[in-house]
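Below is one structure, written out as structure tokens, with a few remarks after it.
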2 protein chains.
Amino acid sequence: MQGDGRMGIVAALVRSTFLVDAVYAASARKYGITSQQGQLLCVLMAGPRGMTELGAMLRLAKSSLTGLVDRTERNGLVGRESDPDDLRAVRVALTPHGSELVEEFYAETCRRIEDLPAALDPEDRDVLADLLGRVVLANEVPEVFLASEEGTGKKV
Amino acid sequence: MQGDGRMGIVAALVRSTFLVDAVYAASARKYGITSQQGQLLCVLMAGPRGMTELGAMLRLAKSSLTGLVDRTERNGLVGRESDPDDLRAVRVALTPHGSELVEEFYAETCRRIEDLPAALDPEDRDVLADLLGRVVLANEVPEVFLASEEGTGKKV
DNA sequence: CCGCAGTAGTTCGTGTTACGAATTGTCCGA
DNA sequence: TCGGACAATTCGTAACACGAACTACTGCGG
């Protein structure tokens, strides 16, 4: 924090996080769901997933996920189908209603988030997207590398 | 999402949010507190605050805040002192222990967040901080405006 | 083919977080 | 002084998150 208009990288990251969280929550509320359920639905847009897989993507313990899927299922937005190839496993998929809802939710959320950097020139927005994108990619610790490159102790 | 290495501004913002959230949570966990309690403590580093004031800063309903302060108080990290100037009001302040803990928590969290853009040149980091900082400032709806501009339904 | 370690998910109990509505006590302006 | 505004709490409800214990199925070694 350096007092004047300019902001340290840490403050900028933390505060932008706050901002995006708020947008996400507001958008979810508007569609009568919670942020977590919204996140789940968004992940499922790409296709059905198993519970374990979802847990990894959302970084949730499996017991947490059971509850989240339960509640979202109770809302009629997702369904569980048993995996034909593995009788233990389950595939969580969007219901027609869930699919319809997430379509709108996703679009609206994107729109709102896109509005956040409205004060920036298009050019600056591109630069921001590029830099922030690089930060994300650099930290998205691809599973593959974890085993080999253990040096930095950067474990989550 | 544009498939290749580059990332849209929306994806970049959302994913960086995910990243920062995770860092915050991990750091908090290490110090035996929750993210929310950590956030509360960080706000209080600058000095004692009233409940209403805290609610505005953390964007929490007052009833939510009562609980958060209760739990944090139970952990011995903050205390309530009654405001001498207004018998209705309360000032929440760090206890010595809380102060000590937040000092370390804050430092560590900053360190971890500062590490996120480690892959960027110092110059690029500055640009990122500047751009992201501008986004934050442009969206930090000063309380004053909230009352007058009610149209958007942007309420908490 | 059997048995057994490992995996996928659920259940259970606990604690945190968040909210709105109703309430209590205080402040202050008409 | 009275009544509206305000600070905070209480209460009831629901979502969320976790770990530990459990069930049921898989797949491998023997």
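Lettering of chains follows the sequences in order, A, B, ..., and the numbering in each one begins at 1.
Toward the 5' end of DNA chain D, the nearer of the two residues Asp85(A) and Leu68(A), judged by each one's closest nucleotide, is Leu68(A). Comparing Asp70(B) and Leu60(A) along DNA chain D, the residue whose closest nucleotide (by nearest heavy atom) sits nearer the 5' end is Asp70(B). Mapping Gly50(A) and Pro84(B) onto DNA chain C by nearest heavy atom places Gly50(A) at the nucleotide closer to the 5' end.
A donor-acceptor contact under 3.5 angstrom links the side-chain atoms of Ser63(B) to the base of dG20(C). Within 3.5 Å, no donor on the side chain of Arg88(B) pairs with an acceptor on the base of dC27(C), nor the reverse.
Residue-level contact check: Leu65(B) touches neither bases nor backbone, having no heavy atom under 4.0 Å from any strand. Backbone-only engagement by Asp86(B) is indicated by non-hydrogen atom pairs under 4.0 Å involving sugar-phosphate atoms exclusively.
Listed nucleotides: dG9(C), dC16(D), dC27(C). Nearest to the side chain of Lys62(A): dG9(C). Checking dG9(C), dA8(D), dC16(D) against every side-chain atom of Gln36(A), the shortest atom distance belongs to dC16(D). The side chain of Leu87(B) sits closest to dC27(C) out of dT9(D), dG20(C), dC27(C). Among the nucleotides dT9(D), dG9(C), dA8(D), the one closest to the side chain of Ala89(B) is dA8(D).
Counting only distance, with no hydrogens or angles, the side chain of Thr72(A) and the backbone of Val78(A) share no donor-acceptor pair below 3.5 Å. Counting only distance, with no hydrogens or angles, the side chain of Arg134(A) and the backbone of Leu120(B) share no donor-acceptor pair below 3.5 Å.
As rounded to whole Å, 18 Å separates atom P of dA15(D) from atom CD of Gln39(A). In this structure, CG of Asn75(A) is placed 12 Å from P of dA14(D), rounded to the nearest angstrom. Going from atom CD of Gln37(A) over to atom C1' of dC16(D) covers 10 Å, rounded to whole Å. Rounding to whole angstrom units, CG of residue Asp83(B) and C1' of dC6(D) are separated by 13 Å. Rounded to an integer number of Å, the gap from Leu77(B) CG to dT16(C) P is 12 Å. Going from atom CD of Glu73(B) over to atom P of dT16(C) covers 14 Å, rounded to whole Å. Computed from coordinates, the Glu81(B) CD to dA7(D) P distance equals 18 Å when rounded to whole Å. Arg49(B) has its CZ atom 17 Å from the C1' atom of dA7(D), to the nearest Å.
Remark: Arg71(B) is not in phosphate contact with dG15(C), judged by side-chain N or O atoms under 4.0 Å from OP1 or OP2. The phosphate of dC18(D) has OP1 or OP2 within less than 4.0 Å of a side-chain N or O from Ser64(A). Proximity of Thr66(A) to the phosphate of dT10(C): a side-chain N or O atom is located under 4.0 Å from OP1 or OP2. Between Arg91(A) and dA8(C), a side-chain N or O to OP1/OP2 separation shorter than 4.0 Å is absent.
Tracing side-chain contacts under 4.5 Å through hydrophobic residues (I, L, V, M, F, W, Y), one reaches Tyr24(A) starting from Met45(A); they form part of the same cluster. Both Phe105(B) and Leu54(B) sit in one connected hydrophobic cluster of ILVMFWY residues. Membership requires side-chain heavy atoms under 4.5 Å apart, directly or through other members.
Remark: Leu19(A) CG to Thr17(B) OG1 distance equals 8.5 Å, nearest 0.5 Å.
Leu44(A) is not listed as a side-chain neighbour of Val102(A), based on a closest heavy-atom distance of 4.5 Å or more.
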